[in-house]
Amino acid sequence: MDASLILDPLNDAQRTAVSAQAGNLLILAGAGSGKTRVLVHRVAWLIQVERVPAWGVLAVTFTNKAAREMRRRIEEMLGIPIGGMWVGTFHGLAHRFLRAHWQDAGLSQQFQILDADDQFRLVKRVLKAMELDEARWPPRQIQGFINKQKDAGLRPQHLDTGVDFFTEKMIGIYREYESARARGGLLDFADLLLCSLELLRTRPDILQHYQRRFQHILIDEFQDTNAIQYAWLRLIAGQEGSLFAVGDDDQSIYGWRGARVENIQSFQQDYPDTQVVRLEQNYRSTGNILTAANALIANNPSRLGKNLWTEDSDGEPIRRYAAFNEVDEARFVVERIRHFVEHEGYRRDECAILYRTTAQSRLFEESLLQARIPYRVYGGLRFFERAEIRDALAYLRLVGNPDDDGAFERVVNTPTRGIGERTLELLRGRARQSGISLWQAALDLIEAGELPPRAGGAIQRFVALIREQGRSSLDPDLAGITRRLIEAVGLAEFYRKNKDGKGQDRIENLDQLVDTAARFELELEDEEGDPLGTFLAHAALEAGETQGEDLGDGVQLMTLHSAKGLEFPLVFLVGLEEGLFPHSLSAEDPVRLEEERRLCYVGMTRAMQQLFVTHAESRRLYGREEYPSPSRFLSEFPPSLIEEVRGGGIARRGNPATGVWGSGSVGSGIEGFRLGQRVRHPKFGEGVVLRSEGEGSSARIQVNFAGVGAKWLVLTYARLEPVSEHPRT
DNA sequence: CAAATCGTTTTTTTT
DNA sequence: AAACGATTTG
């Protein structure tokens, strides 16, 4: 076929990678160096030039978004549907694999997936059953422990119990969790991968089939793979298959959930014949942005080393704004965005606000709302994670599999139908002692007449209700089932009456669930298997977009993590403060600190034309007023590339202490100090004016001094001098 | 048994 | 500050 069409748009390094002969390749691809493009072109090359059949290609990504994007671009390039090619996320593909081999893997045919929240609840139930105190055995921590083991490929029986009492107990809980999970016919996220791996390990025949089939395996974001994922890849590749791994150690930001950057080094050791290609030319950002990002990341000792460069001009300096508090920060950002949109011809969706933690989005949303600028928030609560949706899904799960205890507990009494804690305790007791599900326990107890009449009646009605729905669940009309279920079970009624102001929203979401089911049905048409189960798996694996795309042109708000892989002409990187970014939970540990720095690097390299970085001198955090110092990352940028911005419209700043919009200068007749202004005190050194109160001789101002913290000073006594601006270290 | 209140805890990122 | 859980009240 036409090789030139595939190779011409590429630079030398990209071309080398795309047209390499079969064999193992490691592409170290810097931010904005055309990583996805290389992957897509490689696939096209394999198919059109090397004549590899589509079903011989396996392409794995990490997120659903990336998978969709890759599939779309491959299809666009090839001009035909993707056919038998496997393109998807690790979890998605593993799920597909297990559905096909459920028998071999010893799973129930309608096994369901436990998402993070389900898993958390299950851990809690296990703890309760074991009569352990949650204060002493925090469920979050247990969940973390379990996932860590699983991500490393370790089942309870692989663990050494003899270490200490604590570990022994943890392993005990892990064991209980596993049996409860298996009893319910459930797999958690890690199980999807682990079970696939175990199946491939124990069944050479199956392994061989896949090894023969997938001669070419491409991996995106290789630095994010964990131990099992890497093992899985190696296994499928076997001796014959070619691995094409694309990654960037500087963008490894998922260490906390088991990702192992070391896999990049391991790869080179495990496959000594590996050809390494570096993509260092950046097509995204200006010179200044790249220089700053390079300088920042150079502070990480453990990296493979790489320097991005561009043919682009230096561009604008990086602009840094020191807000005096978080409200001012939001105001500044929104003001700038408005300016760019109104006067410089930017579209709103070309502007992105990136932050470290989800909670930070709220202030920006409020500011945008006030300014009547449309926006779109990514992350946060996703569609399938909403309470009402989870309720409805739990019903669906229960209908498909009454032994699903998690679903049972969630909905037996939602909406309330007179089944309270006491009754549930009876059920749990029976379930525990007979080793059966809550559903079975309910049936037993009814049969034995061992329930108090009132509770017994309620349980009986509940059982009948679920059975009733179960009867209709065989037909493939997903949307119909869902709609009927929501009505029959009383959820619709429940939320309609529910008067917390969100009832209407919830009803709308439930309606939307029906729509989603209908659309899913259409996509499903050609596939076999039970539609309900597939739908539920879909809900767990793809929690769905946070907001519909229908909002069109809006400012984009997201966490740094979800910004990976995206780019924006205008980027506002906000909240660059010690404690927030780097986050206080990571600041102590050098390894995690490096990851925070990479996160910052990721954020910076999202910017194409202009980058703004902001921090606040004071911030309300966890209900307290904090006075964080500027992030150490700020001082790692080359000072010559930074331009300090004095907030436009200082005169209109609100005084957060009084809520009054004032002139912003303090004390009448006294040399005015602006909020946010830098001042020097003979004893405390340099600081920043945070707020003021009072007038004349009683006027006080609060100043945040580096090292000393925030102090209230009486203006007439404190010998404060204004300091001319210069960037702090 | 359900609803309301009170006190407590928890604050990162997500397939 | 908000969300959660335990406790008390109806």
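The shown structure was predicted, so the numbers you read here are calculated from the model rather than taken from an experiment. All chains are named by letter (A, B, ...) in the order of the sequence lines, taking the proteins before the strands, and each is independently numbered beginning at 1.
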Interatomic distance, [X] [atom1] vs [N] [atom2] [rounded to whole Å]:
| X | N | atom1 | atom2 | value |
| --- | --- | --- | --- | --- |
| A/Ile459 | B/dC1 | CD1 | C1' | 13 Å |
| A/Ile228 | B/dT15 | CD1 | C1' | 12 Å |
| A/Phe383 | B/dT14 | CZ | P | 19 Å |
| A/His95 | B/dT15 | NE2 | C1' | 13 Å |
| A/Phe384 | B/dT14 | CZ | P | 18 Å |
| A/Lys65 | B/dT15 | NZ | P | 9 Å |
| A/Asn147 | B/dT14 | CG | P | 15 Å |
| A/Leu451 | B/dC1 | CG | P | 10 Å |

_Partners passing ring-ring contact (aromatic ring centres under 6.0 Å, His included) against A/Tyr254 (at least two apart in sequence or in another chain)_ =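 Residues passing ring-ring contact (aromatic ring centres under 6.0 Å, His included) with A/Tyr254: A/Phe62, A/Trp256, A/His561.
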*Could you list the residues that satisfy ring-ring contact (aromatic ring centres under 6.0 Å, His included) with A/Tyr177, not counting sequence neighbours?*
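By the ring-ring contact (aromatic ring centres under 6.0 Å, His included) rule, A/Tyr177 matches no residue at all.
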[X] and [Y]: side-chain donor and acceptor closer than 3.5 Å?
| X | Y | value |
| --- | --- | --- |
| A/Tyr378 | A/Gln556 | yes |
| A/Gln223 | A/Glu221 | yes |
| A/Gln229 | A/Asn263 | no |

Polar-atom pairs under 3.5 Å, protein N or O versus N or O of nucleotides 7-12 of chain B: list them with distances, or write none.
from   : atom 1 : to       : atom 2 : distance (Å)
B/dT12 : O2     : A/Arg356 : NH1    : 2.9
B/dT12 : O2     : A/Arg356 : NH2    : 2.1
B/dT12 : O4     : A/Arg592 : NH2    : 2.3

Looking at the side chain of [X], which of [options] is the nearest nucleotide?
| X | options | answer |
| --- | --- | --- |
| A/Thr559 | B/dT15, B/dA2, B/dT14 | B/dT14 |
| A/Ser562 | B/dT15, B/dT14, B/dA2 | B/dT14 |
| A/Thr423 | B/dT14, B/dT15, B/dC1 | B/dC1 |
| A/Lys124 | C/dG5, C/dA1, B/dT14 | C/dG5 |

*Considering heavy-atom distances to DNA chain B, does A/Ile419 or A/His91 have its closest nucleotide positioned more toward the 5' end?*
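Its nucleotide being nearer the 5' end, the pick is A/Ile419.
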Taking only the side-chain nitrogens and oxygens of [X], find out if one of them lies under 4.0 Å from OP1 or OP2 of [N].
| X | N | answer |
| --- | --- | --- |
| A/Asn413 | B/dA2 | yes |
| A/Thr89 | B/dT14 | no |
| A/Arg257 | B/dT15 | no |
| A/Arg417 | B/dA2 | no |

*Is the centre of the A/Phe214 ring less than 6.0 Å from the centre of the A/Trp86 ring?*
yes
*State yes or no: are the ring centers of A/Phe364 and A/Phe572 separated by less than 6.0 Å?*
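No, too far apart.
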*Tell me what A/Phe62 touches on the nucleic acid: a base, only sugar-phosphate, or nothing, going by heavy atoms under 4.0 Å.*
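Contact class for A/Phe62: sugar-phosphate only.
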*Quick one: are A/Met558 and A/Leu566 in side-chain contact, heavy atoms under 4.5 Å?*
yes
